[in-house]
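Each remark here refers to the structure printed beneath this line.
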Protein chains: 2
Amino acid sequence: MAVEQKAPNRYHHGDLRRALLAAVDEIVQELGVEGLSLRECARRAGVSHGAPAHHFGDKRGMLTEYATDGFEKLLGSISVEFDKLDPADTKGKLKAVGKGYVAFALAHRAQFKVMFRSELLDNENERLMERGRQVFEILTKSLAGHWAATNQGWRKENLAQISLAWSAVHGFAVLAVEADLLRMGEEGLLNPDPDAVLDQLMLIAEPPR
Amino acid sequence: MAVEQKAPNRYHHGDLRRALLAAVDEIVQELGVEGLSLRECARRAGVSHGAPAHHFGDKRGMLTEYATDGFEKLLGSISVEFDKLDPADTKGKLKAVGKGYVAFALAHRAQFKVMFRSELLDNENERLMERGRQVFEILTKSLAGHWAATNQGWRKENLAQISLAWSAVHGFAVLAVEADLLRMGEEGLLNPDPDAVLDQLMLIAEPPR
DNA sequence: ACATAAATCCTGACAGTGTCAACGTGTCAA
DNA sequence: TTGACACGTTGACACTGTCAGGATTTATGT
């Protein structure tokens with residue numbers, strides 16, 4: 001149950017920061033972010049209730065770190081397939097972004113939810129916002145790359161297409177994660193193969209007819 | 001500030017249930033759902049801290065009512081344009097669903113967020129789940145109607161297309177609402193005309209080439 | 001080596017919270 | 001009129017985040 005107990009008889013924990021973030025992840029998985037408390041984190045790390053303040057300032061600061069860590073993992077998840085692909089395979093790269101995005105959301109449901117709960121986070125935090133920008137950039141650049149490769153140039157619809165792609169990928173991830181609420185349509189309409197959905201989405205990146 | 005004070009010298013409020021839901025909306029707009037408390041609701045309704053329990057049971061019950069009310073408004077928002085259109089205008093109807101969805105999200109940002117926070121709600125609640133199903137149904141039926149009208153029949157991609165449409169509309173609404181976090185790309189990439197985005201989305205409902 | 005600064009953690013207190021039981025108060029029907 | 005019941009109040013409980021002040025360990029500079 002406990003995450004990383006403090007070594008006995010040691011006034012200083014040694015690695016409290018990491019231990020606390022691990023506790024956050026554990027609790028958020030068990031109880032959701034609503035069930036998260038600084039004091040419970042401290043408890044699981046084997047430390048007094050006031051200790052977390054020295055590392056994160058306050059609760060918002062702790063969640064901000066947790067979310068930032070999530071964005072870094074998200075970037076990693078996208079890169080796994082993305083980096084393997086030939087730069088010439090612009091279409092494959094595009095799809096890899098979507099797959100990596102959805103894969104991360106499903107593998108880290110609880111953390112994914114927290115990452116987009118802006119009311120809970122410090123939106124002035126530089127590192128957090130930078131990571132968010134990076135995710136957005138890898139999508140837009142992949143799209144632009146594919147358009148360039150297929151000699152489509154820049155058309156006025158492209159802006160809307162970028163928004164749509166971003167919306168669809170994020171929306172699909174959100175709906176997949178929030179499956180509790182969305183188990184509507186008992187045919188399992190909303191649990192299709194992510195691959196097939198992404199295939200459909202890819203069509204917006206194709207040249208107009 | 002206060003929502004609906006209890007009439008003075010009246011032990012019974014008379015319309016406490018509605019007054020409390022109004023207070024919820026007010027507080028959630030001001031502070032977000034994180035800043036919501038049963039006691040503050042009671043305070044704004046001019047009533048003691050224990051009173052809400054008689055109407056909603058507990059906090060989760062109160063939020064469930066609030067979310068259900070939101071789904072009903074969402075259905076209303078979709079219907080506004082939808083019902084005006086000629087049944088033969090299957091494409092127009094389809095687009096009206098998306099427009100109504102996004103319009104509601106933007107008009108009731110705070111409530112919209114709560115509606116999809118399944119951890120906060122009672123997912124066993126019949127009325128809540130029924131409303132959710134209805135929203136999903138109006139989208140799928142509109143899609144199916146358009147496919148029927150354009151003589152496409154039912155193809156195997158249709159399932160993925162429904163998911164994609166649902167994902168895109170919801171994702172766009174979410175991103176529009178959570179704009180704080182997503183004001184990335186200072187060109188305002190994520191604040192495009194919803195109409196243009198929906199136009200792009202409509203392409204998936206067209207016959208294959 | 002030693003003093004001093006800094007980082008880290010603890011303790012105790014404070015107001016605020018959700019929930020519950022016990023208790024008033026009004027309403028309505030038998 | 002009498003009782004049942006819905007509605008609202010009150011007080012208590014354990015829990016929360018935050019803060020000030022103190023304890024302890026580590027790092028730094030001389």
Side-chain angles (χ1 to χ4, degrees), chain A residues 2-24 26-28 30-67 114 117 119-122, chain B residues 1-24 26-28 30-66 114 117 119-122:
Chain A
V3 181
E4 302 198 22
Q5 299 280 358
K6 179 170 68 166
N9 296 336
R10 238 154 78 51
Y11 195 95
H12 282 16
H13 181 284
D15 199 8
L16 183 54
R17 185 191 178 86
R18 251 170 25 92
L20 286 171
L21 286 177
V24 171
E26 199 182 81
I27 296 172
V28 165
E30 288 175 21
L31 291 330
V33 72
E34 255 52 50
L36 180 75
S37 77
L38 279 171
R39 289 168 114 102
E40 178 62 22
C41 288
R43 237 167 275 142
R44 299 204 185 191
V47 107
S48 84
H49 70 262
H54 294 276
H55 293 269
F56 304 115
D58 54 5
K59 192 179 184 182
R60 158 173 267 100
M62 190 171 70
L63 279 172
T64 300
E65 289 300 308
Y66 180 60
V114 173
R117 293 284 306 285
E119 339 85 80
L120 300 181
L121 309 178
D122 173 17
Chain B
M1 200 104 317
V3 180
E4 303 198 20
Q5 299 279 356
K6 179 170 66 167
N9 297 335
R10 244 160 70 52
Y11 194 97
H12 283 16
H13 182 283
D15 199 8
L16 183 54
R17 187 192 177 83
R18 250 170 26 91
L20 286 171
L21 286 177
V24 171
E26 199 182 83
I27 296 171
V28 165
E30 288 174 21
L31 290 328
V33 72
E34 254 51 50
L36 180 75
S37 78
L38 278 172
R39 289 168 114 102
E40 177 63 20
C41 288
R43 236 167 276 141
R44 298 204 186 190
V47 109
S48 82
H49 72 262
H54 293 277
H55 294 270
F56 305 115
D58 55 3
K59 192 178 183 182
R60 159 174 266 102
M62 190 171 71
L63 280 172
T64 300
E65 289 300 309
Y66 179 61
V114 173
R117 294 285 304 284
E119 338 87 79
L120 299 182
L121 309 177
D122 172 17

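Letters A, B, ... are given to chains in the order of the sequence lines, protein chains preceding strands, and every chain is numbered from 1. Remember, predicted model here, so these are calculated numbers, not experimental data.
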Identify each donor-acceptor pair in which a side-chain atom of residues 50-59 of chain A lies under 3.5 Å from a protein atom, sequence neighbours left out, and give them as a table.
| from | atom 1 | to | atom 2 | distance (Å) |
| --- | --- | --- | --- | --- |
| D58(A) | OD1 | G61(A) | N | 3.0 |
| K59(A) | NZ | L36(A) | O | 3.0 |

Atom [atom1] of [X] and atom [atom2] of [N]: how far apart are they, to the nearest Å?
X      : N       : atom1 : atom2 : result
E40(B) : dA15(C) : CD    : C1'   : 14 Å
M62(A) : dG17(D) : CE    : P     : 8 Å
L20(B) : dC7(D)  : CG    : C1'   : 12 Å
L36(B) : dT17(C) : CG    : C1'   : 11 Å
I27(A) : dT16(D) : CD1   : P     : 9 Å
E34(B) : dT18(D) : CD    : P     : 13 Å

Does the side chain of R43(B) get closer than 4.0 angstrom to OP1 or OP2 of dT17(C) through an N or O atom?
yes
With both distances kept under 3.5 Å, what pairs with dA30(C), Watson-Crick or G-U wobble?
dT1(D)
Once side chain to side chain donor-acceptor pair (under 3.5 Å) is applied, do any residues pair with R39(B), and if so which ones, sequence neighbours excluded?
none
Measure all distances between protein nitrogen or oxygen atoms and nitrogen or oxygen atoms of nucleotides 10-14 of chain D, and list the pairs falling under 3.5 Å.
| from | atom 1 | to | atom 2 | distance (Å) |
| --- | --- | --- | --- | --- |
| dG11(D) | O6 | H49(B) | NE2 | 2.7 |

Identify the two heavy atoms, one from [X] and one from [Y], that lie closest to each other, and give their separation to 0.1 Å.
X       : Y      : answer
L21(A)  : M62(A) : CD2-O, 4.2 Å
D122(A) : T64(A) : N-OG1, 2.9 Å
G35(B)  : I27(B) : O-CG2, 3.7 Å

Looking at [options], which one has an atom nearest to any side-chain atom of [X]?
X      : options                   : result
H54(B) : dC7(D), dT17(C), dT18(D)  : dC7(D)
S37(A) : dG17(D), dC9(C), dT17(C)  : dG17(D)
K59(B) : dG17(D), dC10(C), dT19(C) : dT19(C)
L16(B) : dC9(C), dG18(C), dG8(D)   : dG8(D)

Is the backbone of L20(B) close enough, under 3.5 Å, to the side chain of R44(B) for a donor and an acceptor to pair up by distance?
no
Nearest 0.5 Å, what's the CZ-CG distance between R17(A) and D15(A)?
10.0 Å
